[in-house]
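I have placed the structure first, in the form of structure tokens, so that the comments after it can refer back to it.
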Protein chains: 2
Amino acid sequence: MPGKTKIPAATILRLSIYHRYLKNLEEDGTDVVSSAELASHTNVNPAQLRKDLSYFGRFGVRGVGYDVSKLSNRIRVILGLEKEWNMALIGAGNIGKALLQHKQFEAQGYRFVAAFDHDPEKIGKKIRQGMVVRPLKNLGRFMRTRGIDLAVMAVSTRHAQEVVEQVVEAGIKGVLNFAPVRLKVPGDVAVQNVDFTVLLDTLTYALSTVSVSRDSYSLEAKKNWSRIHSWPITEANYA
Amino acid sequence: MPGKTKIPAATILRLSIYHRYLKNLEEDGTDVVSSAELASHTNVNPAQLRKDLSYFGRFGVRGVGYDVSKLSNRIRVILGLEKEWNMALIGAGNIGKALLQHKQFEAQGYRFVAAFDHDPEKIGKKIRQGMVVRPLKNLGRFMRTRGIDLAVMAVSTRHAQEVVEQVVEAGIKGVLNFAPVRLKVPGDVAVQNVDFTVLLDTLTYALSTVSVSRDSYSLEAKKNWSRIHSWPITEANYA
DNA sequence: TGGTGTGAACAACTTCACAGCG
DNA sequence: CGCTGTGAAGTTGTTCACACCA
């Protein structure tokens, strides 16, 4: 129920996952879905799903379930997905280029409007049709004249902190960071990290504690693990 | 302290982050570090860091701090990083190719040993020096003769579930999944998802609740958000 | 009847605060 | 004296269980 209750961070993440599955259902022409079914396809507990929705209102019909397209729209509004979001790619390396080609973004209303780098080798090169790599120092000007909502940072570890400072300086308030560092940013800037090696390390931990161990803690760890599979973690910001 | 206590999932993730920073310190020649310093560079609370370590033993010296290389090695062992991990790339598209080129993996002891796809167009093509795309149906055989520890799946949403079933069938116990679906796997298989659009959606939520809203819940949401920045989430496995 | 919505119980995780020790 | 290690307190998030209603 809307009100004074705090919304768990994890709830927002799950909302996005529900929303994605609801879009599939819409395409298939399904028009009603129960919390049990939606929950099973998104690997959550049905009560969890209902609780997540209850933070924002009452969207279902008792004894029936949820109207697929109505619920989908409500979540779209909650997440702020009714508008198109303009993104700047920062860092025109391997990963950056692959992200530019990635179809998934466009499909969701995310649009790359420019690419930046500070390597003179790369500047001026055409990175995809109608998009040329710009010098990073022009980020602020571009931001003022054309508007950027989000920065997708695929730069080297070494440069990540200084680059994010330029991004913040330019007035961008949301960052998706692919560099393997925890960035320091002001409290009004949101950062999400995409951190491949950290995730791989959790996999190796899981696999190692299976085969190796006879220590007490590893056995426990393994037991714990088999129930718990994919992740987020809430990380405070002490910048 | 090692024993019967359950180890939080989030602890493992942070261990990986501490470890990465410790390696930097080692390279710089720093040999002692306090929980306060290490915590500040990894955006966690110092007590949190000490608690995380305490699940596995007592690694510090009171009044002094932690020996950098000793602690680094201990964490390396805990996470299972003393061995080299063989990975198979599954899906030779944009993202897959970029991951193959990605330097970060090799540096950490993760090694791509083969690439698979089931698109006949791609099979047989050289994807990098000394590596040719193999037919997905040969995955099981390759696994038996050469061994694969982890699968990195960069396949389409549509095929992801059927592909992961072949991966599981082949006997692989750890999967890093880039497809935007929650996969169903047996309880002894560990999966981590790299989910760009979900992370973007959390950013748009954060930004929308700043500018848009006068609703009661959004204001609350914003307040919550400004403290909480980057994420994991614990997701149960109901497969 | 069957599935939602939700307070209350529970479980997990984080932070505090200080004892203990080099 | 200073920083670690950790029980206990506090906070946040999840699940139960059932009232409620189309």
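Below, chain A is the first sequence line, B the second, and so on; all start at residue 1.
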Distance test, side-chain N/O of B/Lys51 to OP1/OP2 of D/dG5, below 4.0 Å: no

Angle by which the axis turns from one end of the helix from C/dT1-D/dA22 to C/dG22-D/dC1 to the other, five pairs per end, to 10 degrees: 10°

B/Tyr66 and B/Leu22, any side-chain heavy atoms less than 4.5 Å apart: no

Test: A/Asp195 and A/Arg182 ion pair at under 4.0 Å: yes

Nearest-angstrom distance from the residue atom OH of B/Tyr66 to C1' of C/dG22: 14 Å

Short side-chain N/O contact to C/dC21 OP1/OP2 from B/Arg58, under 4.0 Å: no

C/dT4 OP1/OP2 closer than 4.0 Å to side-chain N/O of A/Ser35: yes

Residues within residues 22-29 of chain B bordering DNA chain D, heavy-atom distance below 4.0 Å: none

Side-chain N or O of B/Asn45 closer than 4.0 Å to phosphate OP1/OP2 of C/dC13: no

Distance test, side-chain N/O of A/Arg14 to OP1/OP2 of D/dG13, below 4.0 Å: no

Spacing between B/Arg50 atom CZ and C/dC21 atom P, to the nearest angstrom: 16 Å

Nucleotide D/dT14, atom P - distance to CD1 of A/Ile12 in whole Å: 12 Å

Ring geometry between B/Tyr21 and B/His41 (parallel below 30°, tilted from 30 to 60°, perpendicular above 60°): parallel

